Trainee: 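So that we are looking at the same thing, I have put the structure below in structure tokens.
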Amino acid sequence: MTFHASTPSASASVTTEAITHWVEGYLRAWESNVPSDIAALFTDHAEYHESPFETHWVGRDQIIAGWRSRWDWQQGGWTFDWSITAVEGMTVVITGVGQYTELGDFDNVWIVTFDESGLCSRFEMRNTERT
């Protein structure tokens with residue numbers, strides 16, 4: 001991932017290219033469910049929170065285990081259309097629509113905070129089921 005600072009003393013800011021690369025990796029990992037694909041996205045001590053569900057995974061190992069526990073209902077098929085809504089330094093807001101054959105359609109808001117190496121240190125997802 002590539003990051004840049006506007007001036008040497010300014011705080012770093014994540015680029016659109018880096019965000020796109022990370023989301024593509026996220027979708028690949030969601031499709032593969034391979035632990036190394038999931039691990040490649042997150043720092044050792046990352047946090048993964050999801051609401052309205054009570055998902056609070058802390059640490060890469062918990063994220064991998066929690067993520068893999070959802071494999072069964074993903075097998076029916078899914079798509080995810082997304083866009084970058086806002087970037088503030090190393091934190092990004094991504095909005096999208098997840099469509100799951102087994103679960104239905106969900107509006108998503110992701111708030112993703114990256115570290116300087118381009119890994120996610122905090123992931124917050126808000127899901128709203130479409131009716």
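Being a predicted model, the structure only gives us computed values, none of them experimental. Residue indices begin at 1 and follow the sequence shown.
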Trainee: What's the shortest heavy-atom distance between Phe114 and Trp22, and which atoms?
Mentor: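 Taking every non-hydrogen atom into account, CE2-CG, 3.4 Å.
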
Trainee: Which atom pair, heavy atoms only, marks the closest approach of Phe42 to Leu119?
Mentor: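 What the structure gives for the nearest pair is O-CD1, 3.8 Å.
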
Trainee: State, with a plain yes or no, whether a side-chain heavy atom of Trp82 is found less than 4.5 Å away from one of Thr20.
Mentor: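 In short, these two side chains touch, coming nearer than 4.5 Å.
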
Trainee: Could you grab the distance from atom CG of Leu41 to atom OH of Tyr48, nearest 0.5 Å is fine?
Mentor: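 The OH atom of Tyr48 is 9.5 Å from CG of Leu41, to the nearest 0.5 Å.
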
Trainee: What are the two closest non-hydrogen atoms of Cys120 and Ala46, and how far apart are they?
Mentor: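 Cys120 and Ala46 have their closest heavy atoms at O-CB, 3.4 Å.
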
Trainee: CZ of Phe106 to OG1 of Thr128: how many Å apart, nearest 0.5 Å?
Mentor: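 Here the interatomic distance stands at 9.5 Å.
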
Trainee: Can you tell if the side chain of Ile19 reaches within under 4.5 Å of the side chain of Val87, non-hydrogen atoms only?
Mentor: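 Of all side-chain heavy-atom pairs linking Val87 with Ile19, at least one is under 4.5 Å.
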
Trainee: Work out which heavy atom in Asn108 is nearest to a heavy atom in Gly98; give both atom names and the distance.
Mentor: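 Minimum heavy-atom separation between Asn108 and Gly98: ND2-N, 4.4 Å.
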
Trainee: Tell me the closest heavy-atom pair linking Trp71 and Trp30, and the distance in Å.
Mentor: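 Smallest heavy-atom distance, with atoms named: CZ3-O, 3.6 Å.
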
Trainee: So does Arg60 pair up with Glu47, basic N to acidic O under 4.0 Å?
Mentor: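 Salt bridge: no.
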
Trainee: To check you understand the geometry: which heavy-atom pair defines the closest contact between Met90 and Asp115, and what is its length?
Mentor: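 So the two residues come closest at CE-O, 3.2 Å.
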
Trainee: Does a side-chain heavy-atom distance below 4.5 Å link Ile94 with Val23?
Mentor: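 Side-chain contact under 4.5 Å: yes.
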
Trainee: Are side-chain N/O atoms of Thr43 and Ser121 paired as donor and acceptor at under 3.5 Å?
Mentor: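 Side-chain D/A pair, Thr43 to Ser121: absent.
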
Trainee: When rounded to the nearest 0.5 angstrom, what is the spacing between CZ in Arg126 and CG in Asp107?
Mentor: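 Arg126 CZ to Asp107 CG: 14.0 Å, rounded to 0.5 Å.
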
Trainee: Might you confirm whether atom CD of Glu102 has over 12 heavy atoms from other residues, nucleotides or ligands at distances under 6.0 Å?
Mentor: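 Counting neighbours around CD of Glu102, more than 12 heavy atoms of other residues, nucleotides or ligands fall under 6.0 Å, so yes.
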
Trainee: Once you round to the nearest 0.5 Å, how far does CZ of Arg70 lie from CG of Leu103?
Mentor: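 The distance works out to 10.0 Å.
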
Trainee: Name all residues meeting the salt bridge (Lys or Arg N to Asp or Glu O under 4.0 Å) criterion together with Arg68; count only those two or more places apart in sequence or in a different chain, and write none if there are none.
Mentor: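 Counting only residues at least two positions away or on another chain, Arg68 forms no salt bridge (Lys or Arg N to Asp or Glu O under 4.0 Å).
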
Trainee: Please assess Tyr26 against Phe123 for the test ring pair (Phe, Tyr, Trp, His ring centres under 6.0 Å), listing each intermediate value before the final yes or no.
Mentor: CA-CA 11 Å; Tyr26 186 102; Phe123 181 90; 5.5 Å; yes

Trainee: Are there more than 12 heavy atoms of other residues, nucleotides or ligands under 6.0 Å from atom NE2 of His56?
Mentor: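 Atom NE2 in His56 is crowded, with more than 12 foreign heavy atoms closer than 6.0 Å.
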
Trainee: Can you confirm whether Thr55 sits close enough to His49 that some side-chain heavy atom of one is under 4.5 Å from a side-chain heavy atom of the other?
Mentor: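 No. Closest side-chain heavy atoms not under 4.5 Å.
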
